[in-house]
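Sequence lines set the chain letters: A, B, ... in the order given, protein chains first and strands last, and positions in each chain run from 1.
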2 protein chains.
Amino acid sequence: MSSESQAPSSASEPGQAPPPTTEQLQDDESKSVSKKASKKEAAKQEKLRRRQEAAIAAAASSLSVEEEDPLSSNYGGKTLTESPFDLNDWVKVKSLTPELEGQAVVVNGRAQTIRAVGKNMAFVVLRESGFTVQCVVTVQPDAVSRQMVKYVANLSRESMVDIQGFVTVPSVPIKGATQQVEVQVKKLYCVGRAMPTLPINIEDAARSDVEIEKAVQEGEQLVRVNQDTRLNNRVLDLRTPANQGIFRIQYQVERIFRQFLESEGFFGIHTPKLMPGSSEGGAAVFRLDYKGQPACLAQSPQLHKQMAICADFGRVFEIGPVFRAEDSFTHRHLCEFIGLDVEMAIKKNYFEVMDIVDRLFVTVFDSLNRDCEKELEAVGRQYPFEPLKYLRNTLRLTFEEGIQMLKDAGHEVDPLGDLNTESERKLGQLVLEKYGTEFYILYRYPLAVRPFYTMPCQDNPLYSYSFDVFIRGEEIISGAQRVHVPELLTERALACGIDIATISTYIDSFRYGAPKHGGFGVGLERVVMLFCGLNNIRKASLFPRDPQRLAP
Amino acid sequence: MSSESQAPSSASEPGQAPPPTTEQLQDDESKSVSKKASKKEAAKQEKLRRRQEAAIAAAASSLSVEEEDPLSSNYGGKTLTESPFDLNDWVKVKSLTPELEGQAVVVNGRAQTIRAVGKNMAFVVLRESGFTVQCVVTVQPDAVSRQMVKYVANLSRESMVDIQGFVTVPSVPIKGATQQVEVQVKKLYCVGRAMPTLPINIEDAARSDVEIEKAVQEGEQLVRVNQDTRLNNRVLDLRTPANQGIFRIQYQVERIFRQFLESEGFFGIHTPKLMPGSSEGGAAVFRLDYKGQPACLAQSPQLHKQMAICADFGRVFEIGPVFRAEDSFTHRHLCEFIGLDVEMAIKKNYFEVMDIVDRLFVTVFDSLNRDCEKELEAVGRQYPFEPLKYLRNTLRLTFEEGIQMLKDAGHEVDPLGDLNTESERKLGQLVLEKYGTEFYILYRYPLAVRPFYTMPCQDNPLYSYSFDVFIRGEEIISGAQRVHVPELLTERALACGIDIATISTYIDSFRYGAPKHGGFGVGLERVVMLFCGLNNIRKASLFPRDPQRLAP
């Protein structure tokens, strides 16, 4: 064996298993096995095979049907085996319409509710992608046995089932399902069993506060699932119509973001998340050991997206995770979230950047209202909200104008300080009253409250070529023209008390001829949260990470 | 001040600067300043303002023109000021064609080469997005002074300049530029100065080995820039035509990947990269402290993408960073790379997953050949390669067939072990000779060489419902049907020596009714590297991270 023997051996030995989450994209280089080792291997393989077969048998038997039944092949657990149905026969639940009357179909989904009527009949409401259909299991000679009805009646809710049957159209409307047809079941196989008692029920998780309070008034008590319980059982929580909607809305934001920017000559890049330890300051950084070097996780793609502009990439964006080790335990902070980052060379001034923000978000909002109607409705049913008010051309106010509006309303703030959350909310209200919009840009912030790489205003260096963007009184975007002159960048870093040595690679990038440029960053979860008027950013994150939560 | 005072104060105080890379997406909650503090602030602001003005003046003066010149407003450093040109007058270099003869234009780009001819004339070849145009500066009364020609002659290469002039069409072809027109310069401003001596020259970095060797044969010595020097000066290195091409090709792969999957009913998700410390085993994991809890960086989105399927998301994909702390210092391993991950509910069997892989990649390759012709040509000029050979319907061989082919060629390998890199290469050659393709799927791998969550074959548990995909003899994709039955998953994990307690959340996800499902993972950089026949994966990563490199 050559030097390759230092690499980990293959995973055939139980004690040397590969890490569970590895897709083996990066395989090891040593996989050849000598003949002697091969024999030893064979013995182990045999042992493994026997254990394996026992496990498969056990998994299968727990789902077995009553042996006495001559019709037993029409139902039962088909968890591991290949489905007996032809791929072409499969129909989506949402496609089950009266036009299919009399047709044979195969459907797959969850047993949302199961109800037996005597010993000869059972109903299963089958759910797939938010659509439901009532399936009827009735004893029939040569097809459905009493044992089959019993098997179906004993299914646990949320189990995955494959059903073969034919479509009928009942004479009265069906209340308990979205589809106005029934499936008369011929065969039913459980392919993924749920445990009989779930930690949370989907219907409880899907209930709105309005419903719960209404029930209280009627003297009834309904289960309210709190946020933490939801997150602890996220796989179940995510099955509610509202959550199914939220993450499709989230993807649509991302999709339109990308599509719009592509149409404006941008393209996507990927910058590293692992950074040299000293290159980012502050307490809000996750630190780690990188092969003996101090390293940290990127708090934003700021440095590298600017470097991409210095590398002649012109107009770039990035969609990726950013990491903040902040101890903020609020409704709007996460320790890991998805940043939508943009950086572009500018020709005249940073209004070009604001123009992009303006048109980009109007395009995103328009698309959500147009293309995600169903999803927005599902979200609104559980979490009622008013549609976002925004203008065709986004309102732009200078920071000074904002301060004046607050002042006029009797709300005194520091004209060269930053706005706190309360002032931002207040200004949001004033803007809504005066201009009728919940989405606006505030620009030309005081230099002192912006990061060191922000370009100072030429006419008054107390201010900067920067902006923030607000939805419903909360900040979602921060952007600016950047300092692209290394001498000024050094000066600004010094003025902000930053150790120049720690950012020398970054500053050096501007010594080879840097274009004038600017950009902005958006938090994806915040956009979704605020567009949908959600009260907690955790609702807009698939598996949220906050100072107290690192699982599931 | 309330409890908010615990949050960091605003960035106005030099010693308390914000971290340099923060876009302030996650702002602090405490920004209000008391009146007393406000006064103190004002004094600081004034001090800051004075320093600021001095810095801006210094930056401007270093680019100043000769004061004596009455035409001095037509040239010089306009680094910080707003451009005097109207946005509508700007023209892209690639749009400069003979049809524009006589028209006034404003262009922007890099001074690629500068050449003075006596004291009255200078030429600048201006480069923008890979296109170049020759700009002529000639002394003219009331427009171009001798001092201006001198200023231009002294410009450093790679500096960013704005030029106003008019288009002429010379009678002889222009050899040194892509555009067959000239710009007669009226005004020229340097907006981003490059240092006079660059660490690497773009033309050196853009040179192919073929050129260098040819020069050697002719007794000439040309500079060869090695891989490490390139990466140390990545901002310059990335300006070469090959690199400009590579990252547009990379984005195209990602774009078509997404587009194809969307058309097949998939949507994009984002799973967390911060994982509870114990949930991933192996040495190849980056560990960190998460608010006092042990944590690590995700080696793949495996767990969470499967959980998304259990949460009824149906068909999902994710494009995002994955982290491997492996010590592999090879041409094809990185410590951080972009994973293209797919997971889907399956109806019949895992051939549905392979069908997606097959059509997805044929679509990607077709698009690259069709839509990235220019970029592929740029890459090929520096790094010559043969176009990838692939079939309309991707070849699929079982692992056993592969082993047999190797055996028949006298290359003995363990029939139940994994293929090592050498065997994979060899098999790639044999497949190319026999089937005429460099892209194929090898499926039904021995169970023992796959991760514990891989579904064993029903007919022979020594094998598994899994596959790898190869380009030019190297693995780029790994995929499989997953075990969706919690009892079998537990058994498989135990058989692989995994501590069940560490993956209990993952296993629990399958207890609430899990769909049959499968998926795969692809390394984006590998796809680009192998499609373009590059010899090193670092060439396909914007800012690569390997066991020895964490910068820039």
Side-chain angles (χ1 to χ4, degrees), chain A residues 10 12 14-15 17 19 21 23-25 31-33 52 55 59 82-83 158-160 192 194-195 235 238-239 251 267-268 270 272 276 281-282 288 299-300 302 310-312 338 348-349 414 417-418 420 448 461 478 485 487-488 491 496-497 505 509 511-514 521 523 543 550-552, chain B residues 10 12 14-15 17 19 21 23-25 31-33 52 55 59 82-83 158-160 192 194-195 235 238-239 251 267-268 270 272 276 281-282 288 300 302 310-312 338 348-349 414 417-418 420 448 461 478 485 487-488 491 496-497 505 509 511-515 521 523 543 550-552:
Chain A
S10 91
S12 58
T21 61
E23 265 274 25
Q24 299 191 319
L25 287 175
K31 292 165 183 171
S32 66
V33 180
Q52 203 52 58
E82 199 164 272
S83 161
E158 295 294 302
S159 289
M160 293 294 305
M195 51 201 268
V235 163
L238 287 171
R239 292 182 195 165
Y251 184 60
F267 76 101
H270 296 285
L288 69 152
Q299 289 176 288
S300 88
Q302 188 64 33
C310 294
D312 283 354
I338 298 301
K348 196 171 174 71
N349 59 35
D414 178 7
D418 208 346
N420 63 14
S478 204
V485 184
E487 294 82 3
L488 182 58
E491 170 58 32
C496 290
T505 324
S509 308
R511 299 193 196 281
Y512 316 136
F543 296 99
L550 183 56
Chain B
S10 92
S12 56
T21 61
E23 266 275 21
Q24 299 191 316
L25 286 176
K31 290 164 183 171
S32 67
V33 180
Q52 203 50 58
E82 199 164 272
S83 161
E158 295 294 301
S159 289
M160 293 296 304
M195 51 201 268
V235 163
L238 287 172
R239 292 181 194 165
Y251 184 60
F267 76 101
H270 296 284
L288 69 152
S300 88
Q302 188 64 34
C310 293
D312 283 354
I338 299 300
K348 195 171 175 68
N349 59 34
D414 177 8
D418 208 347
N420 62 14
S478 204
V485 184
E487 296 81 5
L488 182 58
E491 170 59 32
C496 290
T505 325
S509 308
R511 300 194 196 278
Y512 317 134
F543 296 99
L550 184 56

> Do you know which two heavy atoms are closest between B:E82 and A:K348, and how far apart they sit?
Replying inline: CG-O, 3.6 Å
>> Holding to ring-ring contact (aromatic ring centres under 6.0 Å, His included), I want the full list of residues that pass it with A:Y512, two or more places apart in sequence or in another chain.
In response: none
>> Among residues at least two apart in sequence or on other chains, which ones pass side chain to side chain contact (heavy atoms under 4.5 Å, CB included) with B:S509?
In response: A:V235, B:M307
>> Once rounded to the nearest 0.5 Å, what's the spacing between atom CD of B:E158 and atom SG of A:C310?
In response: 11.5 Å
> Most heavy-atom pairs under 4.5 angstrom with chain A, which of B:I338, B:N349, B:T505, B:L550?
Replying inline: B:L550
>> I'd like to know which of B:A551, B:A311, B:P552 tops the heavy-atom pair count under 4.5 Å against chain A.
In response: B:A311
